Amino acid sequence: MGKRGPKPQFTDVACPNKGCKLYGLTGQGNVTGNGTYISRGEKTRRYRCHACGKAFCNHTGTFYHDLRKDDKTIDLALKMSMKGMSIQAIADVLEVQPASVKRWLSRAAEQCDKVNDTMMKNVDVSKVEMDELWVIIQKNIPPRMKNYEDDGPWMWVSFAPGCRLILDFVIGPRKQYVADKLVELTIKHLPDKIPLFVTDGLNFYKEALLKQFGVLIEFPRTGKRGRPKKPKIVSSEDLRCAQVVKTRKNGVLEKVEKKIIFGEDIEQSEISTTLLERQNLTFRQDNNRVSRKTIGFSKMKEWLEIQMKLYCTYFNFCRGHGGLRYKDERGVECKNTPAREAGITESKWTLKEILTFRCFKTSIG
């Protein structure tokens, strides 16, 4: 015992109270144990912060906090949703209310946002592929491939092919502002070093990259008659971008052309979006909500975004990828996860580790 109570033993636990001066800091000696109790059939430990007096448990700040249903049922519902099952179907199978399933999915999406904002920072990749695939929302809207832009629903994806990591996605029409948003979200996950960007033939990507990495050049006045030359935005020296332009006629692919848009010294073998297009096929195979011929499509954009956040986070951190194989210490060949391949995590996560991840937790050292 210490001078006034027990000595701190839980040096890897931080106070979740944002008003506390030691919020999010571990190893400060302010957190001590405060007993245990049984919650939802399992042992739960309670803590107390002696800096602010806040009492909390090991579920505080996680997905499972204040949920009454058992963890196994909730985890099963989320896994069923990742396969594209509807909310009503999940409720019928698990014998729960649809409102409960919606609440679980919304909280899981918020937790995935916290995990990605904390872990997906300064991801060192040499190449980023960007592409869009059409999806169905509310009703069947066929893609209009002949039009340069349209109001139909599309899912824009940025992808790191070296580690098969899904960097980010945006759901919206094929417009310039959606491409701008995708590039802006992608840059937040990257370090200061600019990777090689490879896209399809859509010029929206070119304009979006110029807005982020462009340099404004102002021309001096010449003193001659007439209006002065307007300022111009040019690409920076570090920006490298290439496009894979496909020409189709009556739905049949006729020609594939590789173009260098920005930069130099780009090998022709690097100008490819093959791995991202294969990832788009994985989306459609795994997820019933984005399959080509299905009646299980999302009726609202909001729930498609929630479901895809959960799917992409699980894909990055938990699912072993067939293209990322390695041998463990026993010499057994295993499938690696994209996050572990990229150096974001040291091990293969489970769904429960995603849902119990505390974003305010810091290392003792």
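Predicted model only: the values in this text are computed from it and were never measured.
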A.B. asks: With no hydrogens and no angle check, do the side chains of His321 and Thr337 hold a donor and an acceptor under 3.5 Å apart?
C.D. replies: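 Distance-only check fails for His321 and Thr337.
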A.B. asks: Take atom CD1 of Ile295 as the centre, draw a 6.0 Å sphere, and report whether it contains more than 12 heavy atoms from other residues, nucleotides or ligands.
C.D. replies: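 No, the 6.0 Å shell around CD1 holds no more than 12 heavy atoms from other groups.
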A.B. asks: With Arg284 as the cation and Trp134 as the aromatic partner, state whether NZ or CZ is under 6.0 Å from the six-membered ring centre and within 45° of the axis.
C.D. replies: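 Yes, a cation-pi geometry holds between Arg284 and Trp134.
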A.B. asks: Decide yes or no for Asp286 and Lys83: does some side-chain heavy atom of the first lie under 4.5 Å from some side-chain heavy atom of the second?
C.D. replies: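 A side-chain contact exists here, since the closest heavy-atom pair is under 4.5 Å.
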A.B. asks: Under a 4.5 Å cut-off applied to non-hydrogen side-chain atoms, are Val178 and Lys181 in contact?
C.D. replies: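 Side-chain contact under 4.5 Å: no.
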A.B. asks: Is there a donor in the side chain of Asn203 and an acceptor in the side chain of Glu207, or the other way round, less than 3.5 Å apart?
C.D. replies: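 Note: Asn203 and Glu207 side chains miss the donor-acceptor criterion.
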A.B. asks: Rounded to the nearest 0.5 Å, how far apart are SG of Cys112 and OH of Tyr314?
C.D. replies: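 Atom-to-atom, Cys112:SG and Tyr314:OH are 12.0 Å apart.
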A.B. asks: Counting heavy atoms not belonging to Arg45, are there more than 12 under 6.0 Å from its CZ?
C.D. replies: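 Yes, the 6.0 Å shell around CZ holds more than 12 heavy atoms from other groups.
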A.B. asks: Should Lys246 and Lys255 count as side-chain neighbours, where that means a heavy-atom distance under 4.5 Å?
C.D. replies: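 No, their side chains stay 4.5 Å or more apart.
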A.B. asks: Can you get from Val244 to Leu202 by hopping between Ile, Leu, Val, Met, Phe, Trp and Tyr side chains that sit under 4.5 Å apart?
C.D. replies: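 Looking at the clustering, Leu202 is in a separate group from Val244.
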A.B. asks: Mark yes when over 12 heavy atoms from residues, nucleotides or ligands other than Lys54 sit less than 6.0 Å from its NZ; otherwise mark no.
C.D. replies: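 No, not enclosed.
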A.B. asks: Counting C-beta onward and ignoring hydrogens, is there a side-chain heavy-atom pair between Tyr64 and Thr356 closer than 4.5 Å?
C.D. replies: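 A side-chain contact exists here, since the closest heavy-atom pair is under 4.5 Å.
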A.B. asks: Starting at CD1 of Ile171, measure out to CD of Glu302 and round the result to the nearest 0.5 Å.
C.D. replies: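 Between Ile171 CD1 and Glu302 CD, I get 11.5 Å after rounding to 0.5 Å.
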A.B. asks: What is the distance from atom CG of Leu133 to atom CG of Asn280, rounded to the nearest 0.5 Å?
C.D. replies: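 CG of Asn280 is found 4.5 Å from CG of Leu133.
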A.B. asks: Can a donor-acceptor pair be found, under 3.5 Å and without considering hydrogens, that links the side chain of Ser236 to the backbone of Phe213?
C.D. replies: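 Judged by distance alone, yes, a pair lies under 3.5 Å.
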A.B. asks: Which of these, Asp168, Asn122, Ile344, sits in a side chain to side chain contact (heavy atoms under 4.5 Å, CB included) with His189?
C.D. replies: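 Exactly one pass, corresponding to Asp168.
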A.B. asks: Crowded around Lys352 NZ? As in, over 12 foreign heavy atoms under 6.0 Å?
C.D. replies: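 Counting other residues, nucleotides and ligands, NZ of Lys352 exceeds 12 neighbours.
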A.B. asks: When clusters are formed by joining ILVMFWY residues with side-chain heavy atoms under 4.5 Å apart, either directly or through shared neighbours, do Leu324 and Phe159 land in the same one?
C.D. replies: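 Per the 4.5 Å side-chain linkage, Leu324 and Phe159 are not co-clustered.
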A.B. asks: More than 12 non-hydrogen atoms from neighbouring residues, nucleotides or ligands closer than 6.0 Å to CD on Glu264, yes or no?
C.D. replies: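 No, the 6.0 Å shell around CD holds no more than 12 heavy atoms from other groups.
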A.B. asks: Under the side chain to side chain donor-acceptor pair (under 3.5 Å) rule, what do Asn288 and Thr294 come out as? Steps first, then yes or no, please.
C.D. replies: CA-CA 7 Å; Asn288 188 38; Thr294 179; 2.9 Å; yes
A.B. asks: Run Met155 and Phe283 through side-chain contact (heavy atoms from CB on, under 4.5 Å) and show every step you take.
C.D. replies: CA-CA 11 Å; Met155 186 168 72; Phe283 283 145; 3.9 Å; yes
A.B. asks: Going by the side chain to side chain contact (heavy atoms under 4.5 Å, CB included) test, name the single residue among Leu355, Leu310, Leu67, Ile90 that passes it with Trp104.
C.D. replies: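 The residue from Leu355, Leu310, Leu67, Ile90 that satisfies side chain to side chain contact (heavy atoms under 4.5 Å, CB included) with Trp104 turns out to be Leu67.
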A.B. asks: Using a 6.0 Å distance limit plus a 45 degree cone around the ring axis, check whether Arg289 lies over the aromatic ring of Tyr311.
C.D. replies: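 No cation-pi geometry.
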A.B. asks: Tell me whether Ile260 shares a hydrophobic cluster with Phe197, the cluster being built from Ile, Leu, Val, Met, Phe, Trp, Tyr side chains joined at under 4.5 Å.
C.D. replies: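 Different clusters: Ile260 never reaches Phe197 through Ile, Leu, Val, Met, Phe, Trp or Tyr contacts under 4.5 Å.
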A.B. asks: So with a 6.0 Å cut-off around CD of Gln97, is the heavy-atom count from everything else above 12?
C.D. replies: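 Counting neighbours around CD of Gln97, 12 or fewer heavy atoms of other residues, nucleotides or ligands fall under 6.0 Å, so no.
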A.B. asks: For Leu351 and Lys79: C-alpha separation, side-chain torsions, deciding distance, then whether side-chain contact (heavy atoms from CB on, under 4.5 Å) applies.
C.D. replies: CA-CA 9 Å; Leu351 179 61; Lys79 290 180 180 180; 3.9 Å; yes
A.B. asks: Which distance, rounded to the nearest 0.5 Å, do you find between the NZ of Lys114 and the CD1 of Ile354?
C.D. replies: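 Here the rounded value is 14.5 Å.
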A.B. asks: Taking the side chain as everything from C-beta on, heavy atoms only, tell me whether Leu182 gets closer than 4.5 Å to Ser158.
C.D. replies: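 They are in contact (side-chain heavy atoms under 4.5 Å apart), so the answer is yes.
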A.B. asks: Is any side-chain heavy atom of Leu276 closer than 4.5 Å to one of Val157?
C.D. replies: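 Yes; the side chains approach each other to less than 4.5 Å.
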A.B. asks: Tell me, do Gln279 and Phe315 make a side-chain contact under 4.5 Å, heavy atoms counted?
C.D. replies: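 Yes; the side chains approach each other to less than 4.5 Å.
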A.B. asks: Any side-chain donor-acceptor pair under 3.5 Å between Arg278 and Thr282?
C.D. replies: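 The criterion, which ignores hydrogens and geometry beyond distance, is satisfied for Thr282 and Arg278.
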A.B. asks: Given side chains that start at C-beta, do those of Ile87 and Trp303 come closer than 4.5 Å, heavy atoms only?
C.D. replies: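 Yes, close enough: below the 4.5 Å cut-off.
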A.B. asks: Among the clusters formed by ILVMFWY side chains lying less than 4.5 Å apart, do Val115 and Leu165 turn up in the same one?
C.D. replies: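 Result: yes, single cluster for both.
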A.B. asks: Can you establish whether the number of heavy atoms outside Glu237 located under 6.0 Å from its atom CD is more than 12?
C.D. replies: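 Open.
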A.B. asks: When rounded to the nearest 0.5 angstrom, what is the spacing between NZ in Lys258 and OG in Ser269?
C.D. replies: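 Lys258 atom NZ to Ser269 atom OG measures 7.0 Å (nearest 0.5 Å).
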A.B. asks: Cation-pi check for Phe297 against Lys299: NZ or CZ below 6.0 Å from the six-membered ring centre and within 45 degrees of the axis, yes or no?
C.D. replies: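 Relative to the ring axis of Phe297, which defines the angle, Lys299 lies inside both limits.
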A.B. asks: Looking at Phe357 versus Trp349, is the centre-to-centre ring distance below 6.0 Å?
C.D. replies: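 Yes, the ring of Phe357 comes within the 6.0 Å limit of the ring of Trp349, centre to centre.
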A.B. asks: Step by step, would you call Thr345 with Met119 a side-chain contact (heavy atoms from CB on, under 4.5 Å)?
C.D. replies: CA-CA 8 Å; Thr345 61; Met119 303 296 294; 4.1 Å; yes
A.B. asks: State yes or no: are the ring centers of Trp156 and Tyr205 separated by less than 6.0 Å?
C.D. replies: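 Yes - the distance between ring centres of Trp156 and Tyr205 falls below the 6.0 Å cut-off.
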A.B. asks: Under a 3.5 Å cutoff, is there a donor and acceptor pairing between the side chains of Gln307 and Asn287?
C.D. replies: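 The answer is yes; a qualifying pair exists.
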A.B. asks: Is there a path from Leu78 to Met85 through hydrophobic residues (I, L, V, M, F, W, Y) whose side chains come within less than 4.5 Å of each other?
C.D. replies: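 Yes, one cluster joins them.
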A.B. asks: Show, in sequence, the C-alpha distance, side-chain angles and deciding distance for Arg240 and Phe262, and conclude whether the side-chain contact (heavy atoms from CB on, under 4.5 Å) test is met.
C.D. replies: CA-CA 5 Å; Arg240 297 189 303 156; Phe262 302 123; 5.9 Å; no
A.B. asks: Looking only at the side chains, is there a donor atom on one of Asp70 and Thr73 sitting less than 3.5 Å from an acceptor on the other?
C.D. replies: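 There is such a pair between these side chains.
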A.B. asks: Where do Cys15 and Val31 come nearest, in terms of heavy atoms and distance?
C.D. replies: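 Heavy atoms only, the tightest pair is N-CG2, 4.3 Å.
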A.B. asks: What do you reckon, is CD of Gln285 surrounded by more than 12 foreign heavy atoms closer than 6.0 Å?
C.D. replies: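 Yes, enclosed.
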A.B. asks: Rounded at 0.5 Å granularity, tell me how far CD in Glu305 sits from CE in Met308.
C.D. replies: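 Spacing of CD (Glu305) from CE (Met308) equals 10.5 Å.
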